[in-house]
Amino acid sequence: MATAVAKPQRASSAPKVRQTQLLIDGKWCDARSGKTFATYNPATEQKIADIAEGDAADIDRAAKAARKAFESGDWPKMDARDRGKLLNRLADLAEKHLDELAALETLDNGKPLRDSRAADLPLVIDCLRYYAGWADKLTGDTIPIRGNYFCYTRREPMGVAGQIIPWNFPLLMVAWKWAPALAAGCTIVMKPAEQTPLSCLRFGELALEAGFPKGVINIVPGYGPTAGAALVKHPEVDKIAFTGEHRTAQIIMGDAAQTLKRLTFELGGKSPNIIFADADLDAAVAGTEFGLFFNQGQCCCAGSRVFVEEKIHAEFVSKLVKRAKARKLGDPFDLSTTQGPQVDQAQFDKILSYIDKGNEAGAKCVTGGKRWGKKGFYIEPTVFDEVTDDMPIATDEIFGPVLSVLPFKKIDEVITRANNTCYGLAAAVWTRDVGKAHRIAGSVRAGTVWINCYDVFDAAAPFGGFKMSGIGRELGAAALHNYTELKTVTMNLD
Ligand code: ADP
């Protein structure tokens, strides 16, 4: 009799941490100060490793190395097509080491391994390959101007790009930042988030293995107010690409004023997810669950304000609660786990304080609302019903597994309420009526609108915010403009 082979339920244990130093000018080194900081496993609250803690002195070394690599050496001499080849080689290495990189991401961030493997890493690889294809396609125009002149434009690399990223999608943020910058011919100084430096450092090793010349990619882990601020102020850095909170972006904008740096920001949100009564209800419920609870609710575009048409409100909430309760919390290395811990104590505390504020304001907590387990930063999937627009849980970005349901009656009303926020990152609408769908798509002030879906990302589709959700766009051809300067050349033909 044949025996069924059981699928392993837990992927092999934590991966080896291979790299904990700074990458400057092609070499791994300690911080000048000799200082280190600890990175923790959010599922166990145990220390994983000590990481070299960069500050202004290290940023200075890295910025000078990036400047030198931009102006001399192999990088500026390289054909654009060969830059594309290097990006493809890095994508090949990411594919080869997919399991290790996914496990590092899960170890450091706490996200379920099934997500790191099925979402983060494939998106990383796709992003690198997409921009590899762009490297030799950055063209200018020929422009007919008055008089006997030949006028044309060139797209030239912007120079040294300072890149500051958050902890929610550590490696994906590396790919979103590195790939367009390198395709355009820039050099990089990256500061990963202090909570999650591991996958970025391992990627630095793979970038050297792929053959990127020394100084093209520099990595300086450290804290925001020290390493991050020094990067923003450094005169050798031409631009800052930042993803994080809008309050940090406000500080960065001030710090960048002295050197008039180019800035691109991808910031937070309080995205409306609008469900009409004529929607495919089960699909809308599943999309709503995914749109908020994916990645433990730690997505800048999380659909945290769920507007539900009154006629279906009760049925929608009861189905949503069932799905929220069915989420499986636990060891993120267990392949059946669908929700891991929040990234750290600070986020955990902030989310629980918002749950308190929801209760105090009189919203009805219909499921969750508490810590899960005794160890690790786990929070139960939480749904608040009967939320009103003025409650803190409806106005503030929580960045955790807390969803607010807000009933509505009319389309005009929901458009006004959806736009009643300082944010404008994303929105979604669920309906079978194409007229309504496009009316919402055209009226909601947000950089991305999903119709009958949520969180559909592609390297080719631009992503970014209206209002206080950002400046500029990531991904697609749009991101290349963040890393190039336009030059006009005019020649006298007389
Ligand atoms: P989060 O709350 O998600 O950690 P932040 O905006 O605080 O969001 O952090 C995102 C990134 O910005 C991190 O890499 C962090 O170290 C960095 N950062 C924080 N403060 C500053 C600052 N003053 N200048 C530059 N970077 C900063």
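Just so you know, ligand 1 is whichever comes first in the structure, and atom 1 is the first atom listed for that ligand.
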Atoms of ligand 1 close to [X] [distance to a heavy atom under 4.0 angstrom, numbered from 1]:
X	answer
Ile165	11 (C), 13 (C), 14 (O)
Gly244	6 (O)
Ile251	23 (N)
Ala229	24 (N), 25 (C)
Ile164	11 (C), 12 (O), 14 (O), 17 (C), 25 (C), 26 (N)

Q: For the pair Thr196 and Asn109, evaluate side-chain hydrogen bond (donor to acceptor under 3.5 Å, both in side chains) and give the outcome as yes or no after the intermediate values.
A: CA-CA 6 Å; Thr196 53; Asn109 167 282; 5.8 Å; no
Does [X] come within less than 4.0 Å of [Y], counting only side-chain N to carboxylate O?
X	Y	value
Lys328	Asp334	yes
Glu205	Arg202	yes
Lys350	Asp344	no
Asp92	Arg89	no
Glu380	Arg327	no

Q. Between Trp178 and Tyr483, does the ring centre distance come in under 6.0 Å?
A. no
Q.
If you take the centroid of each ring, where Trp contributes its six-membered ring, are Trp176 and Phe463 closer together than 6.0 Å?
A.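 For Phe463 and Trp176, the ring centres are under 6.0 Å apart.
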Please write down residue, atom name and distance for the protein heavy atom closest to [atom].
atom	result
atom 25 (C) of ligand 1	Gly228 C, 3.3 Å
atom 12 (O) of ligand 1	Phe242 CE1, 3.2 Å
atom 2 (O) of ligand 1	Glu245 OE2, 2.6 Å
atom 15 (C) of ligand 1	Glu194 OE1, 3.6 Å
atom 18 (N) of ligand 1	Gly224 CA, 3.3 Å
atom 7 (O) of ligand 1	Thr248 OG1, 3.4 Å

**Q.** Contact (N/O only, under 3.5 Å) between Asp255 and ligand 1
**A.**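 N/O-N/O distance below 3.5 Å does not exist for this pair.
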(Q) Yes or no: does Phe399 have any heavy atom under 4.0 Å from an atom of ligand 1? (A) no
Q: Please work out whether the ring planes of Trp134 and Tyr130 are parallel, tilted or perpendicular, with thresholds of 30° and 60°.
A: perpendicular
Q) Do Tyr354 and Asp396 have side-chain N/O donor and acceptor atoms under 3.5 Å apart? A) yes
**Q.** side chain to side chain contact (heavy atoms under 4.5 Å, CB included) between Leu171 and Leu121, worked out
**A.** CA-CA 8 Å; Leu171 198 56; Leu121 263 295; 4.1 Å; yes
I need the contact type for [X] against ligand 1. Using non-hydrogen atoms and a strict under-4.0 Å cut-off, is it side chain, backbone, both or neither?
X	answer
Trp167	side chain
Arg247	neither
Thr243	backbone

Q) Protein heavy atoms: any of them under 4.0 Å from atom 9 (O) of ligand 1? A)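 No, there is none.
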